[in-house]
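Positions are given from 1, in the same order as the sequence printed here. Atoms within a ligand are numbered from 1 in the order they appear, just like the ligands themselves.
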Amino acid sequence: MKTRITELLGCEYPLIQGGMAWIAEHTLAAAVSNAGGIGLIAGGSAPIDYLRNQIRLCKENTNKPFGVNIMLMSPNADDLAQLCIDEGVAVVTTGAGNPGKYIPAWKEAGIKVIPVIPSVALARRMEKAGADAVVAEGTESGGHIGENTTMCLVPQVVDALEIPVIAAGGIADGRGVAASFMLGAEGVQIGTRFLASEECQIHHTFKELVVKAKDTDSVVTGRYTGHPCRNIKTKFSKMLANGEKDGSLTPEQFEEVTLGSLRKAVQDGNLEEGSFLCGAIAGMINDIKPCETIVRDIMTQAQELLGR
Ligand code: TUI
């Protein structure tokens with residue numbers, strides 16, 4: 001499974017773990033990297049000392065390359081961007097904004113830069129700005145999403161760019177990887193499947209929600225705030241969706257009740273006030289496995305399908 005992505009990143013498989021805010025910490029990142037993919041630590045809104053410590057812990061647990069995801073809406077994104085340079089991080093992915101202003105300094109430091117993008121226009125801008133690759137992320141993904149689907153977005157981004165494209169959104173097994181390659185992608189980003197991994201440090205209630213989810217159990221909330229997010233259906237996310245639909249919750253009230261809701265889901269498993277961000281593919285995930293098994297099973301199945 002050698003592609004321009006394995007060559008660029010120096011990994012065995014062209015598979016990147018999603019940079020899931022509040023979720024992706026050093027244990028998960030090191031496990032994915034040790035399994036032959038690229039693990040990511042989420043820098044979304046993290047205090048700088050926390051992220052520095054996470055990077056150092058990850059280095060202690062893997063000698064393979066790993067990366068950091070910078071959530072560009074973070075108030076301290078500038079500091080986190082600099083930290084990646086200071087700590088010699090191999091790969092940076094970005095989300096929820098345009099990372100253009102950071103790219104020259106990252107490139108200068110030898111960091112591989114992979115912005116996550118929801119549209120062809122932004123993908124083109126990123127290529128011009130010097131990105132090494134892009135993640136084309138479909139609306140099937142968990143968390144903050146764009147409008148276009150993986151099936152429609154990926155081939156259009158592939159056609160528009162020279163740099164390699166990594167597909168994301170709705171991929172959790174070898175069929176999804178093989179399909180992505182048929183669309184022209186040279187790698188995949190996988191998030192939701194790793195929620196149900198042994199090494200993922202989220203609350204067991206969160207893992208149970210993923211494992212029990214059916215195909216119809218995800219819902220997008222917050223479109224009217226400009227930051228639509230895909231969540232698992234819970235009493236809380238259904239309340240948000242209904243409040244948005246019937247006007248009983250203003251955008252300001254929405255922001256207020258969701259403040260801190262990612263932490264409440266991830267750390268406390270709080271079903272009353274937590275936002276359990278999760279992709280639409282959760283319905284296909286039925287067990288909790290070690291990352292090594294997850295990566296091996298996915299890649300073995302993909303290779304079989306692509307070899308036919
Ligand atoms: O970033 C993600 N997924 C995320 S970030 C996150 S934390 C969060 N918390 C509260 C509100 C919003 C986010 C949870 N999940 N995925 C990558 C992604 N990037 N999806 C969409 C985008 C994106 C959107 C607009 C990228 C660039 C962009 O550019 C706008 C511009 O500046 O031109």
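The distance from ligand 1 to the heavy atoms of N98 drops below 4.0 Å at these ligand atoms: 32 (O). Listed by atom number, the atoms of ligand 1 under 4.0 Å from L122 heavy atoms are 26 (C), 27 (C), 28 (C), 29 (O), 33 (O). In the vicinity of G95, heavy-atom distances shorter than 4.0 Å reach the ligand 1 atoms 1 (O), 17 (C), 19 (N). When each atom of ligand 1 is checked for a heavy atom of L277 under 4.0 Å away, the hits are 14 (C).
No donor-acceptor pair closer than 3.5 Å links the side chain of S218 to the backbone N or O of G279.
Residues E87 and K59 are paired through a salt bridge, judged by an N-O separation under 4.0 Å between the basic side chain and the carboxylate. For R193 and D287, the salt-bridge test passes: some basic side-chain N is under 4.0 Å from an acidic carboxylate O. Salt bridge absent: D86 and R52 never bring a charged side-chain N and a carboxylate O closer than 4.0 Å. Between D217 and K212 there is no salt bridge, since no side-chain N of the basic residue sits under 4.0 Å from a carboxylate O of the acidic one. For D297 and K289, the salt-bridge test passes: some basic side-chain N is under 4.0 Å from an acidic carboxylate O. Salt-bridge check for E244 with R223: failed, with every basic side-chain N at 4.0 Å or more from each acidic carboxylate O.
M20 and L40 are members of different hydrophobic clusters when ILVMFWY side chains are connected at heavy-atom separations under 4.5 Å. Connection of L8 to V113 is not established within any shared hydrophobic cluster, with ILVMFWY side chains joined at heavy-atom distances below 4.5 Å, either directly or through further cluster members. V116 and I41 fall into different hydrophobic clusters, where Ile, Leu, Val, Met, Phe, Trp and Tyr are joined by side-chain heavy atoms under 4.5 Å apart, directly or via other members.
Contacts between L72 and ligand 1 below 4.0 angstrom, taking non-hydrogen atoms only, are absent altogether. Residue contacts with ligand 1 for H144 involve both N, CA, C or O and side-chain atoms from C-beta outward (heavy atoms, distance under 4.0 Å). Within the 4.0 Å heavy-atom criterion, neither part of M20 lies near ligand 1.
Residue I117 places no heavy atom under 4.0 Å from ligand 1.
Looking only at heavy atoms of the protein, atom 24 (C) of ligand 1 is closest to P118 CG, 3.9 Å. Of all protein heavy atoms, the one lying nearest to atom 25 (C) of ligand 1 is G97 N, 4.1 Å. The closest protein non-hydrogen atom to atom 5 (S) of ligand 1 is M71 CG, 3.6 Å.
Backbone and side-chain nitrogen or oxygen atoms of E137 are examined, and one is located within less than 3.5 angstrom of a nitrogen or oxygen of ligand 1.
Nearest-residue assignment for atom 12 (C) of ligand 1 (options M126, M73, E147, R230; heavy-atom criterion): M73. Between the choices A96, S141, C229, the shortest heavy-atom distance to atom 22 (C) of ligand 1 belongs to A96.
There is no protein heavy atom less than 4.0 angstrom from atom 10 (C) of ligand 1.
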